[in-house]
Amino acid sequence: MARLNDKMADAKKAKNDEFYTLYEDIQKEINAYLEYNPDVFRNKTVLLPCDDPEWSNFTRFFAQNFENFGLKKLISTSYAADSKPAGIPYQLTLFEMEGFGYDEAKTRSHGKIFTLTRRKNKSGKIDIDDLEWQYLEGDGDFRSDEVKALRDEADFIITNPPFSMFREFLFWIMEAKKQFLIIGNINCVLYKEVFPLIMDNEIWLGNGMGRWISGFIVPEAYELYGTEARIENGQRIVATNNCLWLTNIEHGRRHQPLHLMTMADNLKFSKHKSIREQGYPKYDNFDAIEVSYTDAIPKDYDGIMGVPITFLDKYNPDQFEIVGEFNHGKDGDFDLAAPTINGKSIYKRVAIRKKG
Ligand SMILES: C[S@@+](CC[C@H](N)C(=O)[O-])C[C@H]1O[C@@H](n2cnc3c(N)ncnc32)[C@H](O)[C@@H]1O
């Protein structure tokens with residue numbers, strides 16, 4: 001029974017790897033980087049790996065905006081149908097590939113590569129119709145030498161990677177020192193492979209978390225296990241509130257300061273009753289105060305403060321420094337303590353200190 005449950009959990013996990021990103025969510029996020037720097041993609045090569053270009057809105061969005069963004073090259077790669085979990089069909093929705101060398105047997109065993117360059121074309125405008133494609137030598141696994149070579153050629157790696165391989169995927173980007181924008185689960189920020197990078201300001205959150213990503217398109221084969229779903233334009237969409245964008249591309253939001261009150265004002269006027277009544281208790285096992293709400297961070301406190309993980313969505317590195325986390329107390333030097341107050345464990349926190 002236990003083995004059957006494990007197998008079901010594995011299958012469910014693998015199927016979560018098949019969540020596809022909505023066009024409007026990609027557009028909303030990318031626009032924020034362009035607002036900060038309209039030339040962010042100019043003369044650059046963008047790789048969209050793990051991307052099933054037949055379906056992918058990432059490919060559609062970047063191909064449609066190829067000229068607007070001044071891109072040098074767009075590359076998108078997909079994973080072979082037979083390498084995906086059982087029951088995930090391949091569907092030709094964005095491109096009609098028959099007549100262009102489409103071969104069902106090869107689609108099963110090989111990944112595909114789509115490229116768009118500045119080559120002159122008939123319509124005079126480079127867009128999605130100019131994408132050229134061919135089969136990859138292998139199945140399109142991002143860990144293959146073939147896709148690694150594409151990674152090395154690119155300036156930006158942008159995708160929603162398979163959720164079950166998030167850590168490995170981020171490492172794959174970081175080892176090549178690339179700029180990136182990827183989607184992950186909110187919990188990823190406390191992974192011991194991820195948190196130190198956030199702490200050192202090597203990577204940060206994108207423009208929003210939770211409901212900012214409005215949903216994902218899921219394949220028909222996906223069982224919903226009671227998840228909230230809607231149908232739009234014939235596509236099944238699940239709403240989520242637990243995902244975020246992770247990046248190392250600059251955007252304006254992370255330089256906007258949080259507007260905060262002093263500790264004295266919070267104790268008198270905070271909208272949170274617990275702050276007015278209990279103030280800011282100290283942890284039993286670490287010299288830091290507990291701040292249960294990001295908007296109640298006292299702007300004049302000089303010591304270490306434990307703040308909710310959602311603070312990272314508002315984190316401005318000019319205003320605060322991240323000095324560690326309060327998690328298990330043993331994930332690494334940065335994991336300062338498993339926080340308790342009066343002997344009671346409290347929720348995981350990010351440890352911060354004000355700057356200047
Ligand atoms: C979460 S989906 C996202 C797809 C697309 N990037 C999007 O956002 O719409 C992840 C994709 O990665 C593919 N994938 C899973 N394991 C992979 C691997 N080892 N290498 C490359 N792609 C993989 C899945 O089949 C799936 O198509």
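Whatever order the structure lists ligands and atoms in, that order sets their numbers, starting from 1. Just so you know, residue 1 is the first one in the sequence shown, and it goes up from there.
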| field | Which residues share a ring pair (Phe, Tyr, Trp, His ring centres under 6.0 Å) with Y301, sequence neighbours left out | value | none
So, [X] versus [Y], ring centres under 6.0 angstrom or not?
X    : Y    : answer
F311 : Y315 : yes
F142 : W172 : yes
Y23  : F61  : yes

Please identify which atoms of ligand 1 are closer than 4.0 Å to at least one heavy atom of [X].
X    : answer
D51  : 5 (C), 6 (N), 7 (C)
G140 : 20 (N), 21 (C)
E18  : 24 (C), 25 (O), 26 (C), 27 (O)
T159 : 6 (N)
R143 : 19 (N)

| Polar-atom distance check: C50 versus ligand 1, any N or O pair below 3.5 Å? | yes
| remark: Note: heavy atom closest to atom 14 (N) of ligand 1, options F166, F216, F58, Y79, belongs to Y79
| task | Specify whether F216 and F19 have parallel, tilted or perpendicular ring planes, treating 30° as the upper limit for parallel and 60° as the lower limit for perpendicular. | result | tilted
| query | Relative to each other, are the rings of Y293 and H272 parallel, tilted or perpendicular (30° and 60° limits)? | reply | parallel
So which bit of [X] gets within less than 4.0 Å of ligand 1, heavy atoms only: side chain, backbone, both or neither?
X    : answer
F163 : neither
F142 : both
S83  : neither

| Does D141 have a heavy atom less than 4.0 Å from any atom of ligand 1? | yes
| request: Search all heavy atoms of Q64 against all heavy atoms of K125 and return the closest pair with its distance. | output: O-NZ, 3.9 Å
For residues 186-197, please give each side-chain donor-acceptor pair under 3.5 Å, one per line with the distance, not counting sequence neighbours.
residue : atom : partner : partner atom : Å
N187    : ND2  : N185    : OD1          : 3.3
E193    : OE1  : R167    : NE           : 3.0
E193    : OE2  : R167    : NE           : 3.4

